[in-house]
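Would you mind keeping the following structure in view while I ask a few things?
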Amino acid sequence: MGSRLLRGLLTVVLGTLLIIGASIWTYAETDETRPADVAIVLGAGTAQGQVSPVYAARLDHAVWLYQEDYVDMLILTGGMGEGNTISDAAAARDYVLAQGVAESAVLLEETSTITEENLVNAKAIMDEQGFKTALIVSDPLHMKRAMTMAEDYGLDAWSSPTTTSRYQSLKTKLPFLCREVFFYVGYRLSMLFR
């Protein structure tokens, strides 16, 4: 009886994880790009003042949103990584300024280390500056978790995933998906105890 119960429990858990994985995969196709006050670019690491290829793809999309007049302001997120002399957000600022974004159009969130902090701190900047709406910019497979958090923290926001994600092949997408399932479930469970 005990092993049957265990098998049943494992089946339920695996089934739930598969459903969550499918919902993350499906949500990755959601693009709600529209005019908004700001674009919040979720951080993805830097090294010695250079943005990672993943972060660069997100920033390229944000620059496009700015150039196409979807947004007038960019909020770049990311604190100080280990071994770095400037924050990820500061490195991102240098990157977008080199692409023609006006310095006055860039706001920095420089204390976060995880997605949840990116969004909470970016919302504080929005509130302080009087901005009401945001486009959330990240990789497609990151969007479900990011948008769930944005909603939980009261952001009036829409999904605007980068179209040039570094995660293009199935070989790169599957590990990202597994990671997102893990963090999505962890976030949902953590919310039960807050």
Side-chain angles (χ1 to χ4, degrees), residues 11-45 51-62 64-65 70-71 74-79 88-89 92 109 112-126 131-194:
T11 301
V12 169
V13 169
L14 286 174
T16 302
L17 293 176
L18 285 173
I19 290 168
I20 291 169
S23 72
I24 291 169
W25 187 272
T26 303
Y27 195 91
E29 300 298 317
T30 302
D31 187 338
E32 303 170 320
T33 301
R34 66 191 72 187
D37 295 333
V38 300
I40 299 171
V41 187
L42 301 181
V51 298
S52 68
V54 172
Y55 203 3
R58 297 177 187 184
L59 293 166
D60 290 341
H61 183 64
W64 179 82
L65 292 172
Y70 283 103
V71 297
L74 305 180
I75 299 177
L76 309 178
T77 67
D88 291 357
E109 181 287 300
S112 62
T113 57
I114 58 173
T115 301
E116 188 174 355
E117 292 172 353
N118 290 162
L119 291 164
V120 169
N121 297 344
K123 183 178 187 311
I125 291 171
M126 286 180 64
F131 297 128
K132 303 296 183 191
T133 58
L135 296 176
I136 308 297
V137 176
S138 191
D139 287 85
L141 288 171
H142 190 205
M143 295 308 303
K144 173 137 179 116
R145 181 163 60 101
M147 294 306 297
T148 298
M149 291 176 175
E151 183 178 347
D152 287 347
Y153 286 102
L155 275 156
D156 189 1
W158 301 285
S159 171
S160 187
T162 176
T163 57
T164 58
S165 172
R166 300 293 288 192
Y167 303 96
Q168 296 289 337
S169 68
L170 196 59
K171 185 179 178 182
T172 57
K173 283 183 176 180
L174 283 179
F176 195 134
L177 177 63
C178 291
R179 176 181 170 276
E180 280 303 307
V181 169
F182 176 81
F183 284 115
Y184 182 84
V185 170
Y187 171 72
R188 283 299 208 187
L189 290 174
S190 75
M191 291 300 282
L192 297 175
F193 301 98
R194 299 187 197 187

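Model, not experiment: these values are computed from the prediction.
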Margin query: Tell me which one of I125, T77, V137 satisfies side chain to side chain contact (heavy atoms under 4.5 Å, CB included) with I40.
Written below: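 So, applying the side chain to side chain contact (heavy atoms under 4.5 Å, CB included) to I40 and each of I125, T77, V137, only T77 qualifies.
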Checklist line | Nearest atoms (heavy-atom pairs only) where T163 meets Q168 | finding: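 Between these two residues, the closest heavy atoms are O-NE2, 4.1 Å.
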Checklist line | Residue pair T30 / M143, side-chain heavy-atom distance below 4.5 Å | finding: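 Side chain of T30 against side chain of M143, heavy atoms only: no contact under 4.5 Å found.
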Next item on the list: Taking all heavy atoms of A157 and all of A150, pick out the closest pair and write down the distance.
Entry: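 In this case the closest contact between A157 and A150 is CB-CB, 4.4 Å.
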Item checked: Results of side chain to side chain donor-acceptor pair (under 3.5 Å) for H142 - residues two or more places apart only ->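 By the side chain to side chain donor-acceptor pair (under 3.5 Å) rule, H142 matches T115, S138, R145.
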Item checked: Side-chain H-bond candidate by donor/acceptor type, T133 with D156, under 3.5 Å ->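 D156 and T133 do not have a side-chain donor-acceptor pair below 3.5 Å.
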Next item on the list: Might you point out which heavy atoms bring P140 and S165 nearest each other, and give the distance in Å?
Entry: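 So the minimum-distance heavy-atom pair works out to CD-CB, 3.7 Å.
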Checklist line | All side chain to side chain donor-acceptor pair (under 3.5 Å) counterparts of K144, not counting sequence neighbours | finding: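 By the side chain to side chain donor-acceptor pair (under 3.5 Å) rule, K144 matches no residue at all.
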Notebook entry, point to check: Do R188 and D152 have side-chain heavy atoms sitting under 4.5 Å apart?
Noted result: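 The answer is yes; the side chains approach within 4.5 Å.
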Note to self: Do R166 and T172 make a side-chain contact, defined as non-hydrogen atoms from C-beta onward lying under 4.5 Å apart?
What the structure shows: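 Heavy-atom side-chain distance check fails, nothing below 4.5 Å.
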Notebook entry, point to check: So, do L76 and Y55 sit near enough that their side-chain heavy atoms are less than 4.5 Å apart?
Noted result: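 They are in contact (side-chain heavy atoms under 4.5 Å apart), so the answer is yes.
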Next item on the list: May I have all residue pairs that pass ring-ring contact (aromatic ring centres under 6.0 Å, His included) and include part of residues 168-194, sequence neighbours excluded?
Entry: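 Pairs touching residues 168-194 that pass the test: Y167-F176.
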Checklist line | Listed partners of T16 passing side chain to side chain donor-acceptor pair (under 3.5 Å), at least two apart | finding: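 If we apply the side chain to side chain donor-acceptor pair (under 3.5 Å) test to T16, skipping adjacent residues, there are no hits.
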Item checked: Partners passing salt bridge (charged side-chain N to carboxylate O under 4.0 Å, His left out) against E116 (at least two apart in sequence or in another chain) ->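 For E116, the residues satisfying salt bridge (charged side-chain N to carboxylate O under 4.0 Å, His left out) (neighbours in sequence not counted) are R194.
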Item checked: Non-hydrogen atoms of A44 and S52 that approach each other most closely ->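 Smallest heavy-atom distance, with atoms named: O-OG, 2.8 Å.
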Note to self: Looking at every non-hydrogen atom in both residues, tell me the closest pair between T33 and S160 and how far apart they are.
What the structure shows: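 Scanning both residues, the minimum pair turns out to be OG1-OG, 2.7 Å.
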Check: Distance only, no hydrogens: is a donor on one side chain within 3.5 Å (strictly under) of an acceptor on the other, for T113 and E117?
Finding: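 Note: T113 and E117 side chains meet the donor-acceptor criterion.
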Note to self: side-chain contact (heavy atoms from CB on, under 4.5 Å), that's the test. Do T164 and H61 meet it? Break it down for me.
What the structure shows: CA-CA 8 Å; T164 58; H61 183 64; 5.7 Å; no
Next item on the list: With the side chain counted from C-beta on, respond yes when I136 and W158 share a heavy-atom pair under 4.5 Å apart, and no when they do not.
Entry: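 Answer no - side chains too far apart.
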Notebook entry, point to check: Out of curiosity, Y27 OH to T148 OG1, how far, rounded to the nearest 0.5 Å?
Noted result: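 Answer rounded to 0.5 Å: 7.0 Å.
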Checklist line | Contact check, side chains of L74 and L65, non-hydrogen atoms, under 4.5 Å | finding: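 Result no, sub-4.5 Å side-chain heavy-atom pair not found.
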Notebook entry, point to check: Between atom CG of L170 and atom CG of L177, what is the distance when rounded to the nearest 0.5 Å?
Noted result: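 L170 CG to L177 CG: 9.5 Å, rounded to 0.5 Å.
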Margin query: Could you check whether any side-chain heavy atom of V54 comes within less than 4.5 Å of a side-chain heavy atom of D139, counting everything from C-beta outward?
Written below: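 They are in contact (side-chain heavy atoms under 4.5 Å apart), so the answer is yes.
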Next item on the list: Enumerate the residue pairs fulfilling salt bridge (Lys or Arg N to Asp or Glu O under 4.0 Å) with a member in residues 20-38, sequence neighbours excluded, ordered by first and then second residue.
Entry: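 Passing the test, one end in residues 20-38: no pairs.
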Item checked: Atom pair OG1 (T162) and CG (L42), whose distance is rounded to the nearest 0.5 Å ->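 The distance works out to 12.0 Å.
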Next item on the list: Over all heavy atoms of both residues, which pair between R58 and G43 is shortest? Give the atoms and the distance, please.
Entry: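 The pair with the smallest heavy-atom distance is NH1-O, 2.9 Å.
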Check: Quick one: does Y153's side chain get under 4.5 Å of L119's, heavy atoms only?
Finding: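 No - every pair of side-chain heavy atoms lies 4.5 Å or more apart.
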